[in-house]
Amino acid sequence: CWVQFEMWDSDDPVPRVELLKRVKGCEGILCVLTEKIDAQLLNAAGPNLKVVSTMSVGFDHLSLDELKKRGIRVGYTPDVLTDCVAELTVALLLATSRRLIEATHEAKTGGWGTWRTLWLCGHELANSTVGILGLGRIGVAIAERLKPFKVKKFIYTDVALRPELANMIEAEYVSLDELAKQSDFLAICCALTPETYGICNWNLFSKMKKNAIFINTSRGGVVNQEDLYEALSTGLIAGAGLDVTTPEPLPTHHPLFTLKNCVILPHVASASYTTRNSMSALAANNLLAGLRGEPMPKELKL
Ligand SMILES: O=C(O)C(=O)CO
């Protein structure tokens, strides 16, 4: 089908006022995760709007209730980014547990003296227990990559048992409490929903091991950052690697940036050329299928 489209031709997000003006009368919207698709925006678009296609696997920026109410279909981009996100998660985990950022800083700035027995010691994956909060495609892909590092045991928690996925990585289902207590490494892989908002808080951190490494490549909103700061600065847990924060960008004066045991990345888990190309192609195909009234390659069931 022929499609007339207007593109915001910049890597920076379209300003909200501009977006609200330009969506008027549109039948479809292709957005990224910086655009809030809420009642205000849907009202601004008007009754022609049939489909919203987001170039992301996460959909916490979409008001699903509002979309459903209006009968608007939603496309998203699962699967195509799984490998890329899992790879980055492993990189962030190792950078955090083996203190790579501190180490390169020391080497560059004169901190590198003689070889010292306990200098820059971290924690290794061999013989460890890895916990996964929210076992989906990405959690499985992370576990598959970590297994060759000789992880002893994978455990997970979720709102329901995930027997098929769990079997793929021989992961054992445990309660959230047990996940906190047993994990040497805890990877957060859940979607941000009202149930997971702030789920990583003092209650969780206080049950974790002193040697535990906390890794989040899902959404910043699942973490209570004040509690995480307390946990890291008091040595309650050993370290954290975050690819996502609240807000994004995290202000450079944020206390978390002062901590040596906190590695912060600017939301780059899916940032490979191959994956971003696949995501944009899938988002475009979802949009076109939605406009034609055909099944979308990846439709979010509302
Ligand atoms: O797809 C997502 O949800 C991201 O966070 C970026 O890939």
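Every number for a ligand or one of its atoms is a count from 1 in the order of the listing. All values derive from a computational prediction rather than experimental measurement.
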Please answer: with hydrophobic residues joined when any side-chain heavy atoms are less than 4.5 Å apart, are V268 and L250 in the same cluster?
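Different hydrophobic clusters.
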
Just to verify, what does R98 make a side-chain hydrogen bond (donor to acceptor under 3.5 Å, both in side chains) with, not counting sequence neighbours?
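Checked R98 against side-chain hydrogen bond (donor to acceptor under 3.5 Å, both in side chains); zero matches.
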
Set of side-chain hydrogen bond (donor to acceptor under 3.5 Å, both in side chains) partners for Q40, sequence neighbours left out:
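Counting only residues at least two positions away or on another chain, Q40 forms a side-chain hydrogen bond (donor to acceptor under 3.5 Å, both in side chains) with R16.
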
Linking Ile, Leu, Val, Met, Phe, Trp and Tyr by side-chain heavy atoms under 4.5 Å, what else ends up with W119?
W112, L120

SB check R145 D83 (cutoff 4.0 Å)
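Salt bridge: yes.
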
List of N/O pairs, ligand 1 versus protein, all under 3.5 Å?
| from | atom 1 | to | atom 2 | distance (Å) |
| --- | --- | --- | --- | --- |
| ligand 1 | 1 (O) | V57 | N | 2.8 |
| ligand 1 | 3 (O) | V57 | N | 3.4 |
| ligand 1 | 3 (O) | G58 | N | 2.8 |
| ligand 1 | 3 (O) | R219 | NH2 | 2.7 |
| ligand 1 | 5 (O) | R219 | NH1 | 2.8 |
| ligand 1 | 5 (O) | R219 | NH2 | 3.3 |
| ligand 1 | 5 (O) | H267 | NE2 | 2.7 |
| ligand 1 | 7 (O) | S270 | OG | 2.6 |

Heavy-atom side-chain contact between T275 and E87 under 4.5 Å
no

